[in-house]
Asker: 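Could you have a look at this structure, given as structure tokens, before my questions?
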Amino acid sequence: MKGLAFLFFATALIYAMVGFGGGSTYTALLVLWGVPFAILPLISLSCNIVVVTGGVWRFRAAQALPAKKLVWLLAGSVPAAWIGGQLPIGEFAFVLVLAVVLAIASGLMLVRPVSTVESETPWRRGTSMGVGAGLGAVAGVVGIGGGIILAPLLHLTGWDTPRRISGACSLFILVNSVSGLAGQIVKRGGGLAVADLLPYWPVLAAALIGGQIGSWIGSERLPSRPVRILTALVVLAASLRLFASALSGIS
């Protein structure tokens with residue numbers, strides 16, 4: 001457990017620097033660590049929540065939290081995350097979906113341009129709700145917040161300035177993680193879900209500490225590009241390892 005807690009600390013530290021929660025990598029680490037896959041989303045979503053809560057607070061204090069622009073994205077994602085969290089899914093499908101999500105996320109993180117001005121043509125309501133619903137569903141099923149995929153899309157379309165996009169993604173991840181976790185708890189049963197989480201309190205504590213340190217470092221204007229590239233490469237490596245596991249029958 002000490003080794004896993006250290007990896008969670010490092011993941012939270014790196015992801016918080018760029019405004020993410022790290023749920024996708026937590027889940028990948030848990031899969032590779034041999035943790036029963038039925039409880040993976042419970043752990044990953046809980047870690048997401050403790051990491052991005054600090055980021056949301058910091059972005060709000062800095063007036064870099066465009067909550068009003070997120071309304072329709074959240075309107076689509078929150079119910080989808082709730083439903084996704086309750087959907088039954090087999091281990092092979094779970095690992096395969098997670099591997100695909102990580103591969104897409106790493107690719108987008110490597111190629112995304114950085115927007116410098118707010119878009120003159122904000123996303124339409126239908127587009128926002130559709131993208132939100134898709135990301136919310138994936139978030140609930142595999143235990144991520146969805147921000148790691150949303151952020152590159154927002155940058156590619158010039159949705160807002162880089163700092164406000166980071167703030168938006170932090171709030172998006174927080175809300176979807178709460179909704180997805182609620183769905184997972186309903187699926188597992190309240191008492192059973194708490195019992196499942198208790199043995200993993202060291203990784204939750206590690207994520208909390210790493211996330212707050214990373215959020216603080218990120219707020220000190222650490223250059224985000226090298227951190228983003230390093231994160232993308234780590235995510236890609238985890239994706240390839242998960243593909244290998246899926247192809248070998250989750251051995």
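The first residue of the sequence shown is numbered 1, and numbering continues consecutively from there.
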Asker: Nearest 0.5 angstrom please: L154 CG to L150 CG, how far?
Answerer: 4.0 Å
Asker: Find out whether Y26 and I43 are in side-chain contact, i.e. whether some heavy atom of one side chain is under 4.5 Å from a heavy atom of the other.
Answerer: no
Asker: Would you say L4 ends up clustered with L208 if hydrophobic residues are merged whenever their side chains have heavy atoms under 4.5 Å apart, either directly or through other cluster members?
Answerer: yes
Asker: I'd like to know if L32 and L96 are part of one continuous hydrophobic network [Ile/Leu/Val/Met/Phe/Trp/Tyr, side-chain heavy atoms within less than 4.5 Å].
Answerer: yes
Asker: Closest approach of W123 and S128, non-hydrogen atoms and distance?
Answerer: CB-OG, 3.4 Å
Asker: Drop me the distance from S46's OG to I185's CD1, to the nearest 0.5 angstrom.
Answerer: 7.0 Å
Asker: Can you measure from CD (Q184) to CD (Q86) and round to the nearest 0.5 angstrom?
Answerer: 9.0 Å
Asker: Decide side-chain contact (heavy atoms from CB on, under 4.5 Å) for F59 and R164; before the verdict, give the C-alpha distance in whole Å, the side-chain angles of both, and the deciding distance to 0.1 Å.
Answerer: CA-CA 8 Å; F59 283 115; R164 284 168 61 84; over 6 Å; no
Asker: My understanding is that only one of V175, I165, V56 makes a side-chain contact (heavy atoms from CB on, under 4.5 Å) with S170; could you say which?
Answerer: V56
Asker: Kindly compute the distance separating OH (Y15) from CG (N48), expressed to the nearest 0.5 Å.
Answerer: 10.0 Å
Asker: For the side chain of Q212 and the backbone of V50, is there at least one donor-acceptor N/O pair under 3.5 Å apart?
Answerer: yes
Asker: Answer yes if V131 and M129 sit in the same cluster of Ile, Leu, Val, Met, Phe, Trp and Tyr residues linked by side chain heavy atoms under 4.5 Å apart, and no otherwise.
Answerer: no
Asker: With respect to I173, which candidate in L135, T53, V52 satisfies the side-chain contact (heavy atoms from CB on, under 4.5 Å) definition?
Answerer: V52
Asker: Could you work out, with side chain to side chain contact (heavy atoms under 4.5 Å, CB included) as the rule, every residue matching A182, not counting sequence neighbours?
Answerer: W82
Asker: For a quick test of reading the model, state the closest non-hydrogen atom pair linking A5 to P202 and the distance between them.
Answerer: CB-O, 4.0 Å
Asker: Could you tabulate the donor-acceptor pairs under 3.5 Å formed by side-chain atoms of residues 70-78, not counting sequence neighbours?
Answerer:
| from | atom 1 | to | atom 2 | distance (Å) |
| --- | --- | --- | --- | --- |
| S77 | OG | L73 | O | 3.2 |
| S77 | OG | L74 | O | 3.4 |
| S77 | OG | N176 | OD1 | 2.8 |
| S77 | OG | N176 | ND2 | 3.4 |

Asker: Could you state whether F20 and W57 fall into the same hydrophobic cluster, counting links through intermediate Ile, Leu, Val, Met, Phe, Trp or Tyr residues with side-chain heavy atoms under 4.5 angstrom apart?
Answerer: no
Asker: Taking all non-hydrogen atoms of both residues, which atom of T11 and which atom of G22 are closest, and how far apart?
Answerer: CG2-O, 4.1 Å
Asker: What's the separation between atom CG in L7 and atom OG1 in T25, rounded to the nearest 0.5 Å?
Answerer: 10.5 Å
Asker: Atom CH2 in W159, atom NZ in K69: separation rounded to 0.5 Å?
Answerer: 5.0 Å
Asker: Going only through I, L, V, M, F, W and Y residues with side-chain contacts under 4.5 Å, is there a path from W33 to W201?
Answerer: no
Asker: Is there a side-chain contact between F8 and L30, using heavy atoms and a 4.5 Å cut-off?
Answerer: yes
Asker: Any heavy-atom pair between the side chains of P41 and T27 that's under 4.5 Å?
Answerer: no
Asker: So, do I213 and F9 sit near enough that their side-chain heavy atoms are less than 4.5 Å apart?
Answerer: yes
Asker: Holding to side chain to side chain contact (heavy atoms under 4.5 Å, CB included), I want the full list of residues that pass it with V178, two or more places apart in sequence or in another chain.
Answerer: I49, L174
